[in-house]
Amino acid sequence: MAPAASAPRGSGEGPAVGARAARCIVGWRRFWAGPRSGWRVGAMASWAALSPSIVEYFQGEDFYRCGYCKNESGSRSNGMWAHSMTVQDYQDLIDRGWRRSGKYVYKPVMNQTCCPQYTIRCRPLQFQPSKSHKKVLKKMLKFLAKGEISKGNCEDEPMEPTMEDAVASDFALINKLDIQCDLKTLSDDLKESLKSEEKKKGKSSKREESNELIQSQDTEEKLDSGEPSHSVKVHTVPQPGKGADLSKPPCRKAKEIRKERKRLKLMRQNPGGELEGFQVRGQPPSLFPPKAKSNQPKSLEDLIFESLPESASHKFEVRLVPVSFEDPEFKSSFSQSFALYVKYQMAIHQDPPDECGKTEFTRFLCSSPLEAENPANGPDCGYGSFHQQYWLDGKIIAVGVIDILPYCVSSVYLYYDPDYSFLSLGVYSALREIAFTRQLHEKTPQLSYYYMGFYIHSCPKMKYKGQYRPSDLLCPETYVWVPIEQCLPSLENSKYCRFNQDPEAVDEGRSKEPDRLQVFYKKAIMPYGVYKKQRRDPGGEAAVLQYAGLVGQTCAERMLLFRD
């Protein structure tokens, strides 16, 4: 939970990237104005058929200062400014090694950057808290129940936020991209283009709907397994949703946990054994239920949601708030949330006050390219960007910035009140987010992963993410997931590694037909093959082909690449 994938705040790729990006963005300003609802009314149908994802790509031509190892010219990445983006497109992008910081979406050049950053995800359905995790949860419960403050922190607790992942020079870059980040409406030019596309496709709409239905059914079959429809299986990777470690105890459903609690409570009230038939499904009856159950390890939910006495010293709650100034709760808590952010940045990262302004805060942690989506088969809260606010006795003490995507909860950043550092809020919030992912999985089975940003083996302070297991790392060449245990030996020998052990394996999602890439040029949407004939600009072709290769064929055909 740090700015999408990063190093310690205030360091990084430098102003040169931002200046180059700013030059690229200037052309977009003339398309960006009007109330949010404008395009929704007139162009939603064609927009949905094409794509609401609009990006502007620029190459990482130079090397910049690394925020991890402090190498003055060791960091290199490619990036794009996302004017808007669907949750599915962003899901597919992070499954190819991309991450976002505000509306800036970037991908490290893995085989050239000094500190390769590997996308890491935890498998919450099989997650079991470690001893140090349990210490943090018990410490929180003692504080809430009795006001007890434990002395010192667990030895293996990171002092930095749990997701310390921000793009280098994040604030400098976003500030250089000086655009109206909160306006998401397309101009009349683009709306007219969309309507024109809709008319052209009118005759074949029924055929397309049929094809979409077939694709949807195929996708649903894959989603039922808990597996992203674009994933690639190799012999080194267990199938998502099917590769549970049989040596681990099975994941217990919330309903079963509630039954277990009720049974134990009733057994304490009826020690004579009057409730012998009341037991958790799939577990044999015990001769001494209270003792036997008390000896079993508690689940993550048991430790987090253990009931507090009525005389508890503190009142604590976690609120999920959509990142939108149109949301009353987000708007009413903004000032308090911002004040907490300033306090955190100055105390933890030693940022000067002029680098913790409301503009930086808004663009970095409140501005997101993700459009909120609420499909019937999705989670009750919908998809998009959210703040998880941790309220203690009526005030916010921590905020976890997260994205809820079709297959995962993706951690973006965490900031908290330094006065409560003794509660290990970085670890605590990560455990809460893992439990939250499990909760969302109950309603939306395909949503079964927790993305923690980037794992950097060469940076000791970032290796703690590997402690949330079972977890996988993304192969930087074939984009398949490999259990971290299989990756660590290779990382001990080399900073950059290909994790897929199959030498014949290739990137199955690679760009095979770049001419099908969608381009927005001169008020029109067209395939790149058509654009090339109109524009004859060989100088820009290398950048477009690089973009297509990095985002993959699927995203290249769905997203609109702006060309000036």
Side-chain angles (χ1 to χ4, degrees), residues 1 4-5 87-100 117-129 162-163 165 219-220 222-234 236-245 248 250-251 253-254 300-301 320 370 373 377-379 381-386 388 400-412 429-455 465-475 479-487 499 509:
M1 302 173 324
V87 291
Q88 184 61 63
D89 283 342
Y90 185 54
Q91 175 73 68
D92 290 349
L93 287 174
I94 63 175
D95 283 334
R96 293 182 65 83
W98 293 80
R99 293 290 291 177
R100 78 172 183 89
Q117 302 159 53
Y118 300 93
T119 303
I120 182 171
R121 73 177 186 185
C122 172
R123 284 177 262 149
L125 306 189
Q126 294 85 40
F127 175 80
Q128 293 292 333
T162 308
M163 300 298 134
D165 291 324
T219 301
E220 287 177 2
K222 295 179 180 179
L223 294 183
D224 286 340
S225 67
E227 174 188 344
S229 59
H230 60 278
S231 67
V232 181
K233 305 182 189 71
V234 294
T236 59
V237 189
Q239 296 182 27
K242 298 181 181 179
D245 186 348
K248 303 279 187 182
C251 177
K253 292 186 176 180
L300 178 61
E301 287 77 7
L320 183 70
L370 302 182
E373 298 180 24
N377 62 345
C381 59
Y383 298 116
S385 298
F386 298 83
Q388 269 197 330
V401 185
I402 61 173
D403 293 329
I404 300 179
L405 305 175
Y407 310 127
C408 73
V409 170
S410 176
S411 183
V412 179
S429 63
L431 297 173
R432 289 290 302 230
E433 289 173 5
I434 289 173
F436 180 55
T437 305
R438 284 156 65 143
Q439 178 186 346
L440 296 178
H441 174 77
E442 292 290 320
K443 166 80 187 310
T444 311
Q446 70 268 23
L447 203 164
S448 53
Y449 299 102
Y450 175 56
Y451 285 49
M452 297 179 283
F454 286 150
Y455 174 84
K465 294 183 183 182
Q467 298 170 6
Y468 295 84
R469 298 192 183 184
S471 58
D472 309 304
L473 296 183
L474 186 68
C475 176
Y479 302 113
V480 296
W481 295 98
V482 180
I484 192 170
E485 294 84 356
Q486 299 182 26
C487 305
F499 299 137

(Q) With a 3.5 Å distance limit and no angle check, can you tell me whether R121 reaches the backbone of W481 through a side-chain donor-acceptor pair? (A) no
Q | Contacts of type ring pair (Phe, Tyr, Trp, His ring centres under 6.0 Å), residue Y383, not counting sequence neighbours | A | none
Q) Heavy-atom distance under 4.5 Å between the side chains of S385 and V401, does that happen here? A) no
Q: Decide yes or no for I434 and P129: does some side-chain heavy atom of the first lie under 4.5 Å from some side-chain heavy atom of the second?
A: no
Q: Only counting residues at least two apart or in another chain, list the ones meeting ring pair (Phe, Tyr, Trp, His ring centres under 6.0 Å) with Y118.
A: F499
Q) T437 versus L447: any side-chain heavy-atom pair under 4.5 Å? A) yes
Q. Of the non-hydrogen atoms in G384 and V87, which two are nearest, and what is the gap between them?
A. N-CG1, 3.9 Å
Q. Of the non-hydrogen atoms in P124 and R438, which two are nearest, and what is the gap between them?
A. O-NH1, 3.0 Å
Q: Please tell me if the side chains of I94 and L405 come closer than 4.5 Å, counting only heavy atoms from C-beta onward.
A: yes
Q.
Is there a side-chain contact between S429 and Q388 in this structure, where contact means two heavy atoms from C-beta onward sitting under 4.5 Å apart?
A. no
Q: Could you tell me whether the side chain of K465 and the main chain of I120 form a donor-acceptor pair under 3.5 Å?
A: no
**Q.** All side-chain contact (heavy atoms from CB on, under 4.5 Å) counterparts of E485, not counting sequence neighbours
**A.** R469, P483
Q) Just checking, is any N or O donor in the side chain of S410 or R99 under 3.5 Å from an acceptor N or O on the other one? A) yes
Q | Closest contact, heavy atoms only, G378 versus T444 | A | C-OG1, 3.2 Å
Q.
For the CZ atom of F127 and the SG atom of C122, what is their distance to the nearest 0.5 Å?
A. 6.0 Å
Q) Pick one: which of Y451, Y90, Y479, Y407 meets side chain to side chain donor-acceptor pair (under 3.5 Å) with D95? A) Y451
Q. What are the two closest non-hydrogen atoms of G466 and S471, and how far apart are they?
A. O-OG, 4.3 Å
Q) How many angstroms lie between atom CG of L125 and atom NE2 of H441, to the nearest 0.5 angstrom? A) 4.5 Å
Q) Under 4.5 Å between any side-chain heavy atoms of L474 and D472, yes or no? A) no
Q: Taking the side chain as every heavy atom from C-beta outward, state whether C408 and Q91 have any atom pair closer than 4.5 Å.
A: yes
Q.
Is the shortest side-chain heavy-atom distance between L473 and I484 below 4.5 Å?
A. yes
Q. SG of C381 to CD of Q439: how many Å apart, nearest 0.5 Å?
A. 8.5 Å
Q) Roughly how far, to the nearest 0.5 Å, is the CD1 atom of I404 from the CG atom of L440? A) 5.5 Å
Q. Of the non-hydrogen atoms in P406 and Q88, which two are nearest, and what is the gap between them?
A. CG-OE1, 3.6 Å
